[in-house]
Amino acid sequence: KHHCGYNFCNDCIESLIASSKDDYMEASDGNRHVKVFLHCPACRSDLSATIRDTLLLRKADAVLRLTKCHGRREELTESQALLLKVIHTKEVRDAIKHARKLENQFMGDDSERSTFSSVRS
């Protein structure tokens, strides 16, 4: 089953991932509820296999956009600066390539386009 294309903001992705790590969540009234599952709020498809990859791709896109197109390294957050230091390593390039392939499959796009062709050593 392919994902419907619902577009999460980065903060919502990070919140969803963080809230799904525990078996139970504690509500504001102190009650414990079953954990949050990584499902799309629109189509209910299981996002657990791809959501972390989506976050990696968005963060890599942001770093590349800020540094390559605009040359604005001073605007990078601490985590973006750390990613910039390792984005050209083989391990990270391979992770990005793998994440892009999985995302394309999950979204129903089987083409082999790569938005990270500029990430080479």
Side-chain angles (χ1 to χ4, degrees):
K1 180 178 175 182
H2 294 299
H3 179 40
C4 67
Y6 182 84
N7 191 12
F8 287 92
C9 70
N10 287 351
D11 289 340
C12 289
I13 291 174
E14 289 176 352
S15 177
L16 186 62
I17 290 170
S19 64
S20 70
K21 289 181 181 178
D22 298 322
D23 288 335
Y24 291 92
M25 282 183 63
E26 188 170 328
S28 58
D29 63 2
N31 289 325
R32 292 179 60 79
H33 299 277
V34 177
K35 79 174 189 175
V36 175
F37 293 97
L38 296 172
H39 291 149
C40 174
C43 70
R44 306 307 299 156
S45 61
D46 183 5
L47 304 174
S48 60
T50 60
I51 199 162
R52 288 169 184 83
D53 292 329
T54 298
L55 192 57
L56 169 65
L57 293 173
R58 286 188 179 182
K59 287 183 176 192
D61 277 339
V63 166
L64 292 173
R65 186 174 46 256
L66 283 171
T67 57
K68 296 257 186 217
C69 298
H70 306 291
R72 300 186 302 207
R73 290 177 185 243
E74 67 279 354
E75 293 182 22
L76 295 177
T77 65
E78 186 178 339
S79 67
Q80 287 173 327
L82 290 172
L83 179 57
L84 181 60
K85 288 181 181 182
V86 297
I87 202 163
H88 295 288
T89 64
K90 180 178 179 355
E91 183 177 75
V92 174
R93 285 192 337 259
D94 288 349
I96 290 170
K97 183 178 178 181
H98 181 72
R100 177 65 63 206
K101 180 179 177 183
L102 292 178
E103 180 183 68
N104 288 343
Q105 289 172 350
F106 190 68
M107 296 299 287
D109 180 3
D110 294 327
S111 68
E112 287 297 322
R113 70 188 163 144
S114 174
T115 59
F116 295 100
S117 58
S118 62
V119 181
R120 290 194 165 82
S121 51

Taking side-chain hydrogen bond (donor to acceptor under 3.5 Å, both in side chains) as the definition, give me every residue that meets it alongside S48, ordered by chain and number, with sequence neighbours left out. D46
Would you tabulate the side-chain donor-acceptor contacts of residues 76-87 under 3.5 Å, counting partners in other chains and residues two or more places apart, or write 'none'?
{"residue": "T77", "atom": "OG1", "partner": "S79", "partner atom": "OG", "Å": "3.3"}
{"residue": "T77", "atom": "OG1", "partner": "Q80", "partner atom": "N", "Å": "3.2"}
{"residue": "T77", "atom": "OG1", "partner": "Q80", "partner atom": "OE1", "Å": "3.4"}
{"residue": "Q80", "atom": "OE1", "partner": "T77", "partner atom": "N", "Å": "2.9"}

Using every non-hydrogen atom in the two residues, find where T50 and L102 come nearest and quote the distance to one decimal. CG2-O, 4.4 Å
About how many Å separate CG of L38 and CG of L16, when rounded to the nearest 0.5 Å? 5.0 Å
Within-4.5 Å side-chain heavy-atom neighbours: T54 and F8: no
Listed partners of A95 passing side chain to side chain contact (heavy atoms under 4.5 Å, CB included), at least two apart: L56
Just grab all the salt bridge (Lys or Arg N to Asp or Glu O under 4.0 Å) pairs involving residues 10-19, residues at least two apart or on different chains. E14-K59
Hey, does R58 have a side-chain heavy atom less than 4.5 Å from the side chain of I13? yes
Spacing of L57 atom CG and K97 atom NZ [to the nearest 0.5 Å]: 13.5 Å
Using side-chain heavy atoms (C-beta onward) and a distance below 4.5 Å, is S45 in contact with Y6? no
Are any of the side-chain nitrogens in D61 or R65 under 4.0 Å away from the carboxylate oxygens of its partner? no
Would a distance-only check, ignoring hydrogens and angles, find a side-chain to backbone donor-acceptor pair under 3.5 Å from R44 to C40? yes
So CD1 of I51 and SG of C12: to nearest 0.5 Å the spacing works out to 9.5 Å
